Amino acid sequence: SNINTLNGLVADAGNFFPSDSLNRLLSQDPAPPGIQDSFRLYVIQHPYEPYAVSGYVSMFSEKERLSWCDSILHEMLNAAPGYMPGIMAAISIARMQRRYDSALNYCQQLLSINKELPYAIASEARISMARGELSEGIELAKKACALDATDGFSEATLALGYHLNHQSAERDQLIKRTSSDSSISSYMEFVKQVMDGKEKFN
C-alpha cells in the first residue's frame, strides 16, 4: 500500500543521516586529535549503521586500510543492500584494489536502482580508464556528462580521461569551462593533483 511504501521510505531515510551519537562525535569543533581513532572505534561498534560505515570509508580510506574498508562495507551492504552511498564507496574501494569485475558489479547494482545515474556510468568510465581502456572510458564519461552537465564527478571523470589519453587541450578547456561552478571545480581538484603528480589514479 501507499502507507507501507511511505513508511519504508521514512525508515530508509535514516540511513542517509548520522545517528545522534555519531553526529555528536563528528560535530566537535575543533575536531579532537584522535577523531579518526574515535570514528574507527564507533564504526567497529556499529557495523550495521550505514552512514557511519560509508562515511568512515569516504574520509579515511588510506591505501593500507583498503582491505579493512572493503570488509566492513561488505558487512554493511549485507545489512542494507540498497544503500546507495555504501555501494558508491564500495565501487571506489574495489577499483583501487584493482578488483575491476567487483567494481563493475557494484556499478550494475546502482544502475538497477537508476539506469540513468551519472555516478554509476562515470564510475564505469573510471574502471575502464584504470584498465587502460581509455577510449571506452572517455565515451562512458561523455555519456554520464550528457545525462547531467552539472554532475561534478562525471565532468571530472571526463577531464581525467582526457589527461590520461594525452588530450591536454580538451582537458584544459573542460577544466576552464567548469571552473566557475564550485560544485564541479571541487571534483576537479583530484584531476589537478593527478596532473601535478601529487596523486596517482588507479
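Computed from a predicted model, the values in this text were never measured in an experiment.
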### Message
Working note: Val194 + Phe190, criterion side-chain contact (heavy atoms from CB on, under 4.5 Å); need CA distance, chi angles, decisive distance, verdict.
### Response
CA-CA 6 Å; Val194 172; Phe190 172 73; 3.7 Å; yes
### Query
Hey, mind stepping through Ser67 and Gln97 against side-chain contact (heavy atoms from CB on, under 4.5 Å) and telling me if it holds?
CA-CA 8 Å; Ser67 294; Gln97 290 180 309; 3.7 Å; yes
### Task
Verify side-chain contact (heavy atoms from CB on, under 4.5 Å) between Lys198 and Lys192, making sure each step is shown before the conclusion.
CA-CA 9 Å; Lys198 296 177 182 176; Lys192 292 176 182 177; over 6 Å; no
### Query
Would Gln167 and Ile138 satisfy side-chain contact (heavy atoms from CB on, under 4.5 Å), going step by step from the backbone distance to the final call?
CA-CA 11 Å; Gln167 294 177 248; Ile138 289 170; 3.4 Å; yes
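Within 6.0 Å of atom CD in Gln173, 12 or fewer heavy atoms from other residues, nucleotides or ligands are found, so the atom counts as exposed in its surroundings. Residue Arg98 places its CZ atom among 12 or fewer non-hydrogen atoms of other residues, nucleotides or ligands, all under 6.0 Å distant.
Here Phe153 pairs with Tyr119 under the ring-ring contact (aromatic ring centres under 6.0 Å, His included) rule; sequence neighbours left out. Remark: Glu139 pairs with Lys142 by the salt bridge (Lys or Arg N to Asp or Glu O under 4.0 Å) rule, at least two apart or across chains. By the salt bridge (Lys or Arg N to Asp or Glu O under 4.0 Å) test, Asp70 pairs with Arg99, sequence neighbours left out.
Of the possible donor and acceptor atoms, one in the side chain of Arg95 sits under 3.5 Å from a partner among the backbone N and O of Asn202.
Taking the side chain as every heavy atom from C-beta outward, Met188 and Leu174 approach each other to under 4.5 Å. Contact of the Asp172 side chain with the Met195 side chain is registered, since non-hydrogen atoms from C-beta on lie closer than 4.5 Å. For the pair Arg131/Ser128, no side-chain contact is recorded, criterion being any heavy-atom separation below 4.5 Å from C-beta on. Between Leu77 and Tyr106, the closest side-chain pair of non-hydrogen atoms falls below 4.5 Å. Using a 4.5 Å heavy-atom threshold, the side chains of Glu170 and Asn165 count as separate.
The nearest pair of heavy atoms linking Gly86 to Leu73 is O-CD2, 3.8 Å. Nearest heavy atoms, Ala144 versus Ala122: CB-N, 3.9 Å. The two atoms that bring Ala141 and Ala125 nearest to each other are N-CB, 3.6 Å, heavy atoms only. The two residues Ile113 and Gly82 have their closest heavy-atom pair at CD1-O, 4.1 Å. Contact detail for Leu164 and Phe201: the closest heavy-atom pair is CD1-CD2, 3.8 Å.
Considering OG of Ser112 and CD1 of Ile87, their distance stands at 7.0 Å, rounded to 0.5 Å. For the atom pair Ser135 OG and Leu140 CG, the distance stands at 11.0 Å (nearest 0.5 Å). Rounded to the nearest 0.5 Å, atoms CZ (Arg171) and CG (Leu160) are 10.5 Å apart. A distance of 10.5 Å separates CD1 of Ile91 from CG of Asn105, quoted to the nearest 0.5 Å. A distance of 3.5 Å separates OG1 of Thr157 from CZ of Arg126, quoted to the nearest 0.5 Å. Atoms NE2 and CE, on His163 and Met129 in that order, are 11.5 Å from each other to the nearest 0.5 Å.
Hydrophobic clustering of Ile, Leu, Val, Met, Phe, Trp and Tyr side chains at less than 4.5 Å, counting indirect connections, unites Ile184 with Val191. Note on Tyr162 and Ile121: separate hydrophobic clusters, where clusters join Ile, Leu, Val, Met, Phe, Trp and Tyr whose side-chain heavy atoms are under 4.5 Å apart, directly or indirectly. Following chains of ILVMFWY side-chain contacts shorter than 4.5 Å, one cannot reach Leu147 starting from Leu110, and the two form parts of different hydrophobic clusters.
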